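Below: the structure, in structure tokens.
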Amino acid sequence: ETYESYKEKVDHYFLQHVDDVPAVRKLVHNEPLTAKDYKDLENIFTKELGSKEDYSYYFPDQPFGLTVRQIAKMDKKAAEQAFSQFINDNSLNEKQIAFVRKVINYISVNGYMNDTDIFEAPFDKPNDVFSIFSQDDMDSLLRVINGINNTIIRPGESCTGGRTQCTVSLIYADPFSYHTGTVICIAFNGSIRITTNSNNKSSMIKYRPIMIHYDVSSFRRRIIGKFG
């Protein structure tokens, strides 16, 4: 068959090879990729179907795993399994279960979910996450989402935690304010060191994050949280 664009070839290929290409099957079923899997995806995208330039043009700064998930989606049973421990370990009420089910449906339809999405439509109605989950439960929920995101990036990289350095925007919930700088160390319920862009001075901020956001489409992290 003849396809008009590189993107059409990519869409057709990954829809047709959900089960017979190991890396694709793993992504659909939320299984971690090996270095070989990721290399196989790179060869498919940049050699078999087109060139590196083609990929960069149609999917700029996007991990191969994310592109596959956007096309082939994620198996709903795999999404349910990812949240099973969170559901089993917590005595969730009806509203909380309905919220988690909505998250599972979103991930299975879209293939992935940025963790900031749970603060936005359609997850803000009829009950937003702040009104039905405790801080600890919200942290646990976000860790599950970030764990799913970890399976779409290159092995050895991580969406959350650990020692890292990257440019971020910090949005504090109370008071609402912005701060941009370089995060040297991030930890849940810990502290972070920020080097601000304005004066290049380092400072320690005691900080309880509501979440650590890894934007898989641009490889930038954003932290949303509050003092306390």
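Computed from a predicted structure; not experimentally measured.
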Donor-acceptor contact present, side-chain [X] to main-chain [Y], <3.5 Å:
X	Y	value
Asp128	Ser131	yes
Lys102	Pro122	yes
Ser56	Glu53	no
Asn114	Asp117	no
Glu31	Arg25	no

Residues Glu42 and Lys39 bridged, charged N to O under 4.0 Å: yes
Residues Asp11, Lys7: salt bridge by 4.0 Å N-O rule: yes
I want to check something: taking the side chain as every heavy atom from C-beta on, are [X] and [Y] in contact at a cut-off of under 4.5 Å?
X	Y	value
Asp54	Thr46	no
Phe45	Val68	yes
Leu33	Thr151	no

ILVMFWY cluster, Leu15 and Leu66 together (side-chain gap under 4.5 Å): yes
His12 NE2 to Ile71 CD1 distance, which is reported to the nearest 0.5 Å: 12.0 Å
Polar contact flag, side-chain donor to acceptor under 3.5 angstrom, Asp37-Thr34: yes
Distance-only polar pair, side chains of Thr67 and Tyr58, donor-acceptor under 3.5 Å: no
Check: Tyr6 ring centre within less than 6.0 Å of Tyr57 ring centre: no
ring-ring contact (aromatic ring centres under 6.0 Å, His included) between Phe64 and Phe59, intermediate numbers included: CA-CA 9 Å; Phe64 300 129; Phe59 309 101; 9.4 Å; no
More than 12 heavy atoms from other groups under 6.0 Å of CD on Glu94: no
